[in-house]
Amino acid sequence: MPAPAGENDPALVAAGRARIEWADGQMPVLRSIRERLAAERPLGGLRIGACLHVTAETACLMQALAAGGAEVALCAANPLTTQDEVAAALREDGCATHGRRGEDADAYVEGIVAVVGERPQVTLDDGADLLTFIHAGRTELLPELVGGTEETTTGLVRLRALELACPVIAVNEARTERLFNDHYGTGQSTLDGILRATNLLLAGRTLVILGYGWTGKGVALRARGAGAQVIVCEIDPMRALEARMEGFEVMPALVAAERGDVFVTVTGSRDVLGAEHFARMKDGAVLANAGHFDVEIDLPALHGAAPDPPRDVLPLVTQFDLGGRRLNLLASGRVVNLAAGQGHPAAVMDMSFANQALAVEHLVRHGAELGPGVHPVPEAVDREVARLKLASLGVEIDVPSAEQEQYMRGWGAG
Ligand code: ADE
């Protein structure tokens, strides 16, 4: 693949290294795992292919895996989220990295092809593009696969629908990941992306959240904290009930369409905002997607609803004029926390990537016993990540006595 222009620019490489160093400073859990992997080298000679957002935090994960002895190749998991300076620093420091912010669909696929060309034995995915690519077209590589890991709910939906030839560890479903990544991470970084793109004042506005899963809950909580009126639209009755009991207004999306100033989709589904919704929205409404794929807002329908071509009114804001009512789409409907912001804070990715690194080690040590299919992160790994995080925060906790352990396990005593 041709090197992107300016790749060897020393200033770009230096900026990337500085950013990686900053992230490393906020990732004490991954750092302690890297130090152990470097001492034990359990990944010696392992070929790892990763299709992740190319960020400073991902660079820290690549370094931890390389410290454990692996040969790592990385490509972007989204055409809009690559931090070019980080990619330049990684390449300069010997990690084959493919991806450029704003690359087109062909270049994006070329990155995946390049990583697959390294014949990975372990895959790391954020959206399942790498592993599905191998299953769909490079089946000769399947026998060499020790296993894979997956970072997102969307990716897991795809992988569960596939007849997998290897074990995949559902990093996204680890308790430590859910709490930090979906709840605190996306909750904060989605609002950060929206604010960077628009500089809106949230206080006093009505923010409509479509989808009240872990991520939707995080966004709702933070938006309320910023003073917004929050409306939740949700198809699952349990989740809708929970939203109501948390004090949010709950209603169908078509009703909310008339009320919202800002709309955030986080459903993992498609076309949750479409022509009927656009037809009811107020002038100036802002549309953002925080789901993995850019299908949650029906973009063809949005283009179809505007008689004239849309205008880029700010770097990440595209305005569609629907005959006097203007709707503002952020970051082309792509995942707004990464496309308009910097993604999850490093302290959040510390937990995700600690789980990733330990999941890779688990695959190497126990992959053969696991068998094909999606597997949970082992409970011991989840607890170890939580323990390391507490230690890094200087927090100590109580240890149950032998009597308490016995009481909690037994059924006899009342
Ligand atoms: N996903 C969300 N935020 C991220 C980040 N900072 N790095 C890598 N993947 C991410």
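Order of appearance sets the numbers: ligands from 1, and atoms from 1 within every ligand.
Using 4.0 Å as the threshold, E151 has no heavy atom nearer than that to any atom of ligand 1. Between L338 and ligand 1 there is a heavy-atom distance shorter than 4.0 Å.
Under the 3.5 Å distance criterion, the side-chain polar atoms of S32 are matched with a main-chain donor or acceptor of V29. A distance-only check finds a donor-acceptor pair linking the side chain of T198 to the backbone of I194 [under 3.5 Å].
Judged purely by distance below 3.5 Å, without hydrogens or angles, the side chains of N181 and E151 pair a donor atom with an acceptor atom. Counting only N and O atoms by type, the side chains of T81 and H53 include a donor and acceptor under 3.5 Å apart.
The shortest N or O to N or O distance between N337 and ligand 1 is not under 3.5 Å. Any N or O atom pair closer than 3.5 Å counts here, and H53 shares no such pair with ligand 1.
Close approach of ligand 1 to Q342 is summarised as follows: ligand atoms under 4.0 Å from at least one heavy atom of the residue are 6 (N). In the vicinity of G343, heavy-atom distances shorter than 4.0 Å reach the ligand 1 atoms 3 (N). Listed by atom number, the atoms of ligand 1 under 4.0 Å from T58 heavy atoms are 7 (N), 8 (C).
Here the protein heavy atom with the shortest distance to atom 7 (N) of ligand 1 is T55 OG1, 2.6 Å. For atom 4 (C) of ligand 1, the nearest non-hydrogen atom of the protein is M349 SD, 3.6 Å. If you check which protein heavy atom lies closest to atom 6 (N) of ligand 1, you get E57 OE1, 2.9 Å.
T97 contributes atom OG1, which lies 11.5 Å from atom CG of D84 (distance to the nearest 0.5 angstrom). In this structure, the separation between OG1 on T55 and CG on L338 is 7.5 Å, given to the nearest 0.5 Å.
With respect to E40 and R365, a salt bridge is recorded, a charged nitrogen being found less than 4.0 Å from a carboxylate O. Using a 4.0 Å cut-off between charged nitrogen and carboxylate oxygen, E150 and R158 do not count as a salt-bridge pair.
Heavy atoms from both the backbone and the side chain of H344 come within less than 4.0 Å of ligand 1.
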